[in-house]
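Below, all heavy atoms of this structure are taken into account, side chains as well, without hydrogens, waters or symmetry copies. These numbers were taken from a predicted model, which means no experiment stands behind them. All residue numbers in this chain count up from 1 along the given sequence.
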Amino acid sequence: MSYYFSRTLDLDFDTTVAATREALSEEGFGVITEIDVRKTLKTKIDVEFRPYLILGACNPRMAYEALQIEDKVGALLPCNVVVQEISAGRTEVAAIDPVASMLVVGNPALDEKAREVGEKLLKALQRL
């Protein structure tokens, strides 16, 4: 079982980031955190790295429902979505498979909620 869904696009990095945000929004997700890995690595350890952005996606309704099932599930939230440049004009978008990440919890009720979230993330990637 893979722990992520991914899609490779023939688009530049900035276009892909914008399209990813839009696709997530259309599936009810907001981006509540953003980590610019390239910038962080340059600032903290002075290394060059390809454009690589981690978007913390959250569907508030589904997050609330999951928290009602398992109050510590917040340790596994939000759902991370990575946008990275593979080469000039090519990018990859990868999203966590919530089913894989929720296996560690061992709560069957939460497994069903993870499947619902995973379906929405997969649909967002398919929109790209």
Side-chain angles (χ1 to χ4, degrees):
M1 170 187 225
S2 179
Y3 65 94
Y4 65 92
F5 310 117
S6 69
R7 179 124 191 246
T8 301
L9 306 169
D10 291 323
L11 296 171
D12 66 81
F13 182 77
D14 291 334
T15 301
T16 301
V17 170
T20 300
R21 289 178 186 278
E22 178 64 26
L24 288 168
S25 177
E26 289 174 12
E27 290 300 325
F29 292 91
V31 174
I32 60 172
T33 61
E34 181 176 315
I35 302 168
D36 184 335
V37 174
R38 179 184 201 179
K39 181 180 177 183
T40 300
L41 293 177
K42 183 63 177 170
T43 301
K44 300 294 184 182
I45 60 173
D46 196 29
V47 296
E48 297 297 329
F49 197 72
R50 66 188 172 280
Y52 191 111
L53 191 65
I54 302 171
L55 303 174
C58 180
N59 181 305
R61 181 186 58 77
M62 295 183 125
Y64 173 73
E65 292 169 3
L67 287 163
Q68 297 304 304
I69 296 167
E70 184 78 40
D71 71 335
K72 307 299 185 294
V73 77
L76 299 172
L77 301 178
C79 296
N80 284 332
V81 178
V82 171
V83 180
Q84 66 175 314
E85 184 178 80
I86 296 171
S87 61
R90 273 180 72 73
T91 54
E92 179 186 44
V93 180
I96 186 71
D97 177 354
V99 172
S101 66
M102 295 298 160
L103 286 175
V104 299
V105 178
N107 183 329
L110 193 58
D111 294 346
E112 178 56 35
K113 189 56 54 189
R115 275 190 286 285
E116 291 176 34
V117 174
E119 288 171 9
K120 288 188 164 295
L121 285 170
L122 193 53
K123 283 180 186 177
L125 264 62
Q126 291 167 345
R127 289 179 182 275
L128 298 173

**Request:** Please test Glu119 against Lys123 for salt bridge (Lys or Arg N to Asp or Glu O under 4.0 Å), starting from the C-alpha separation and ending with a verdict.
**Result:** CA-CA 6 Å; Glu119 288 171 9; Lys123 283 180 186 177; 5.7 Å; no

**Asked** In Å, rounded to the nearest 0.5 Å, how long is the span from CG of Asn59 to CG of Leu24?
**Response** 10.0 Å

**Request:** For residues Ala63 and Cys58, report the shortest heavy-atom separation together with the two atoms involved.
**Result:** CB-SG, 3.9 Å

**Message:** A side-chain contact here means heavy atoms from C-beta on lying under 4.5 Å apart; do Lys113 and Glu116 qualify?
**Reply:** yes

**Item:** Separation between CD of Glu85 and CZ of Phe49, rounded to the nearest 0.5 Å
**Value:** 11.0 Å

**Asked** Are Leu125 and Phe29 in one and the same hydrophobic cluster, where Ile, Leu, Val, Met, Phe, Trp and Tyr link if side-chain heavy atoms are under 4.5 Å apart?
**Response** yes

**Message:** Just verifying a value: how many Å separate Thr91 OG1 and Asp14 CG, rounded to the nearest 0.5 Å?
**Reply:** 10.0 Å

**Prompt:** So which heavy atom on Ala124 is nearest to which on Ala23, and how close?
**Reply:** O-CB, 3.3 Å

**Message:** Which heavy atom of Met102 sits nearest to which heavy atom of Asp111, and what is that distance?
**Reply:** O-OD1, 4.1 Å

**Request:** Would you check if the side chain of Arg38 reaches a backbone N or O of Arg50 as a donor-acceptor pair within less than 3.5 Å?
**Result:** no

**Message:** Side chains of Phe13 and Leu53, heavy atoms from C-beta outward: is any pair under 4.5 Å?
**Reply:** yes

**Request:** Find out if a path of hydrophobic residues (ILVMFWY) with successive side-chain heavy-atom gaps under 4.5 Å connects Val117 to Leu128.
**Result:** yes

**Request:** Say whether Val105 and Tyr3 are linked into one hydrophobic cluster, either directly or through other cluster members, by side-chain heavy-atom distances under 4.5 angstrom.
**Result:** no

**Prompt:** Are Val31 and Phe5 grouped together when hydrophobic residues (ILVMFWY) are joined by side-chain heavy atoms under 4.5 angstrom apart?
**Reply:** yes

**Message:** Would you say that Val73 contacts Asn107 through its side chain, given a criterion of any heavy-atom pair below 4.5 Å between the two side chains?
**Reply:** no

**Asked** Roughly how far, to the nearest 0.5 Å, is the CG atom of Leu11 from the CZ atom of Arg90?
**Response** 10.0 Å

**Prompt:** Would you say the side-chain atoms of Arg115 pair up with the backbone N or O of Val99, donor to acceptor, closer than 3.5 Å?
**Reply:** no

**Asked** Do other residues, nucleotides or ligands put more than 12 heavy atoms under 6.0 Å from the NZ atom of Lys42?
**Response** yes

**Request:** Without swapping roles, check the side chain of Ser25 against the backbone of Arg21 for a donor-acceptor pair under 3.5 Å.
**Result:** no

**Message:** I'd like to know if the side chain of Ser101 and the backbone of Pro98 have a donor-acceptor N/O pair within less than 3.5 Å.
**Reply:** yes

**Asked** Side chains of Ile96 and Val82: closer than 4.5 Å at any heavy-atom pair?
**Response** no

**Item:** Among Thr20, Asn80, Ile32, the one residue meeting side chain to side chain contact (heavy atoms under 4.5 Å, CB included) with Leu55
**Value:** Thr20

**Item:** Minimum-distance pair of heavy atoms, taken over all atoms of Thr33 and Pro78
**Value:** OG1-CG, 4.0 Å

**Prompt:** Hey, quick one: are Val104 and Ile69 part of the same hydrophobic cluster, counting side-chain heavy atoms closer than 4.5 Å, chains of contacts allowed?
**Reply:** yes

